[in-house]
Amino acid sequence: MASVGPSTASTQPALPSGPAVFKTIPYAFILPEIVCGTWVWILVAATSVSLPLLQGWVMYVSLTSCLISLLLLLSYLLGFHRNSENWKVLDSLYHGATAILYMSAAVLQANATINSEFGPNSPLYYQLNSAASFFAFLTAFLYILHAFSIYYQ
């Protein structure tokens, strides 16, 4: 009869707390997500918002994502997760859903950029909308990287 030894528990990497958050992938993406998302919000707010339905969604997604990501970053910095596996699931679900929402906002902002090309004050608003589109796509890419890199830890 074969003896059964003690089960070998898989060693899960510990969730970072404190300054280690900024050195650990994918959690190091949170601060750039916040910064780039803030730029989207600022640049859209600086335009005339000629298409309120489109750019209203962009503002909603960027501002809400920025605030929730800031709360998530603070919770990691202060160690509220207590190394619970549920935080990885929460983090993955949040960043995956936000990546989809941000991609939709980036596409709508690109549409608003195209429509602002020939409007009043077109050079200035076109440039602001172009920059907002760039940062929206960059932020969506950061959220996608964050969501997928959790699985490769």
Quick check: is [Y] connected to [X] through a chain of hydrophobic side chains (ILVMFWY, heavy atoms under 4.5 Å apart)?
X    : Y    : answer
Y94  : L78  : yes
M59  : L128 : yes
M103 : L138 : no
I42  : L54  : yes
F134 : I114 : no

Could you pull out the closest heavy-atom pair between [X] and [Y], with the gap in Å?
X   : Y    : value
S92 : A147 : OG-O, 4.2 Å
G37 : S62  : O-CB, 3.8 Å
W57 : L108 : CD1-CD1, 3.5 Å
S69 : Y143 : OG-OH, 2.8 Å
W87 : S75  : CZ3-OG, 3.4 Å

If you define the side chain from C-beta out and look only at heavy atoms, does anything of [X] sit under 4.5 Å from [Y]?
X    : Y    : answer
W41  : V58  : no
Q109 : V44  : yes
S65  : Y102 : yes

Once you round to the nearest 0.5 Å, how far does [atom1] of [X] lie from [atom2] of [Y]?
X    : Y    : atom1 : atom2 : value
L145 : F29  : CG    : CZ    : 5.0 Å
I30  : L70  : CD1   : CG    : 10.0 Å
N115 : N129 : CG    : CG    : 9.5 Å
L101 : T64  : CG    : OG1   : 9.5 Å
L73  : E33  : CG    : CD    : 9.5 Å
Q55  : L43  : CD    : CG    : 11.0 Å

Are any side-chain N or O atoms of [X] and backbone N or O atoms of [Y], one a donor and one an acceptor, separated by less than 3.5 Å?
X    : Y    : result
T38  : I34  : yes
S149 : H146 : yes
T98  : H95  : no

Near F141 CZ, under 6.0 Å, is it more than 12 heavy atoms from other residues, nucleotides or ligands?
->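 No, because the 6.0 Å sphere around CZ of F141 holds 12 heavy atoms or fewer from other groups.
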With a 3.5 Å cut-off and no angle check, do the side chains of T113 and S133 form a donor-acceptor pair?
->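 The criterion, which ignores hydrogens and geometry beyond distance, is satisfied for S133 and T113.
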Quick one: sort the W39 and F135 rings into parallel, tilted or perpendicular, breaks at 30° and 60°.
->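 Correct class here is parallel.
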